[in-house]
Amino acid sequence: GQQLNQSPQSMFIQEGEDVSMNCTSSSIFNTWLWYKQDPGEGPVLLIALYKAGELTSNGRLTAQFGITRKDSFLNISASIPSDVGIYFCAGHQGGSEKLVFGKGTKLTVNP
Amino acid sequence: DTAVSQTPKYLVTQMGNDKSIKCEQNLGHDTMYWYKQDSKKFLKIMFSYNNKELIINETVPNRFSPKSPDKAHLNLHINSLELGDSAVYFCASSYGQFSYGYTFGSGTRLTVV
């Protein structure tokens, strides 16, 4: 099945630093989404993107739908300890009801 | 009020047993899903129901059987459990089958010994 390549796999940063992660695919996606999973919980939707080139913010989080429609980026500014968790990109292709998930980026923030 | 609730939270059982996981959503969504998250945290779709009708059935062993008595409930029954079935199973729901802002439950950690 279709796969999303998410990188980096893990990140260790200091509190206050900015973070960037991305997701790429060899195929075009119509929708990109970013989820965050806290330990022992299910993923929670952070940002949804529906148009190529779209740039959307949610507080300190900003995500972009790549122009080629084959990638998406998530940036977190001024990280804080509660940003710790696993961040997943997810995408949907036309002609399918399925949402495909990337393998996640595990973020650790040192106070 | 919990939007998507799964029970049980933890399930430890022996190989060969049959077990069920229940899921209920109070969001009024039409579509519900079961995902499996393996030890490497990879999330893979198993099944999806839209208003009680099966719309996604991935390559899952037929020991796994979903049941949706109404659009607010989607249960997962697993027969003859195997060691490889150990994982975290997530239920999720969305407004419709082409709506991708899923709301996930908190997961059921299944351990087969």
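Order of the sequence lines fixes the chain letters, A, B, ..., with proteins taken first and strands second; residue numbering starts at 1 for each chain.
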Residues 37-53 of chain B vs salt bridge (charged side-chain N to carboxylate O under 4.0 Å, His left out), sequence neighbours excluded, gives B/K44-B/E58
Are B/L83 and B/L11 linked, directly or through other ILVMFWY residues, by side chains that come within less than 4.5 angstrom of each other?
-> yes
Parallel, tilted or perpendicular, as decided by the 30° and 60° cut-offs, for the rings of A/H92 and B/F98 = perpendicular
Would one find more than 12 heavy atoms of other residues, nucleotides or ligands at under 6.0 Å from atom CD of A/Q9?
-> no
Is B/Y102 linked to A/L49 within one hydrophobic cluster, defined over Ile, Leu, Val, Met, Phe, Trp and Tyr using a side-chain heavy-atom separation of less than 4.5 Å?
-> no
Nearest non-hydrogen partners of B/Y35 and A/L99, listed with the distance = OH-O, 3.2 Å
When heavy-atom pairs shorter than 4.5 Å are enumerated against chain B, which of A/P43, A/G42, A/A48, A/A90 gives the highest number?
-> A/P43
With chain B, the option among A/L33, A/D38, A/L45, A/T31 that has the most non-hydrogen atom pairs under 4.5 Å is A/L33
Comparing B/F90, B/Y100, B/Y33 against chain A, the one with the most heavy-atom pairs below 4.5 Å turns out to be B/Y100
Let me know if B/L43 has heavy atoms under 4.5 Å from chain A in its side chain, its backbone, both or neither.
-> both
Residue B/K22 excluded, over 12 heavy atoms near NZ under 6.0 Å = no
Looking at CZ of B/F42 and CZ of A/F88, how far apart are the two atoms once the value is rounded to the nearest 0.5 Å?
-> 9.5 Å
Indicate, with yes or no, if A/I13 and A/F73 share a hydrophobic cluster defined by side-chain heavy-atom contacts under 4.5 Å among Ile, Leu, Val, Met, Phe, Trp and Tyr.
-> no
Can you name the nearest heavy-atom pair linking B/F104 to A/F101, along with the distance?
-> CZ-CZ, 3.7 Å
More than 12 heavy atoms of other groups within 6.0 Å of B/F64 CZ = yes
Answer yes or no: are there more than 12 heavy-atom neighbours, outside A/K36 itself, under 6.0 Å from its atom NZ?
-> yes
Non-hydrogen atoms of B/K9 and A/G40 that approach each other most closely | NZ-O, 2.7 Å
Contacts with chain B made by residues 104-111 of chain A (heavy-atom distance under 4.5 Å), listed by residue number = none
Can you tell me if CD on A/Q14 sees more than 12 non-hydrogen neighbours from other groups inside 6.0 Å?
-> yes
Following the transitive rule for hydrophobic clusters with a side-chain heavy-atom cut-off under 4.5 Å over Ile, Leu, Val, Met, Phe, Trp and Tyr, establish whether A/I47 and A/I67 coincide in one cluster.
-> no
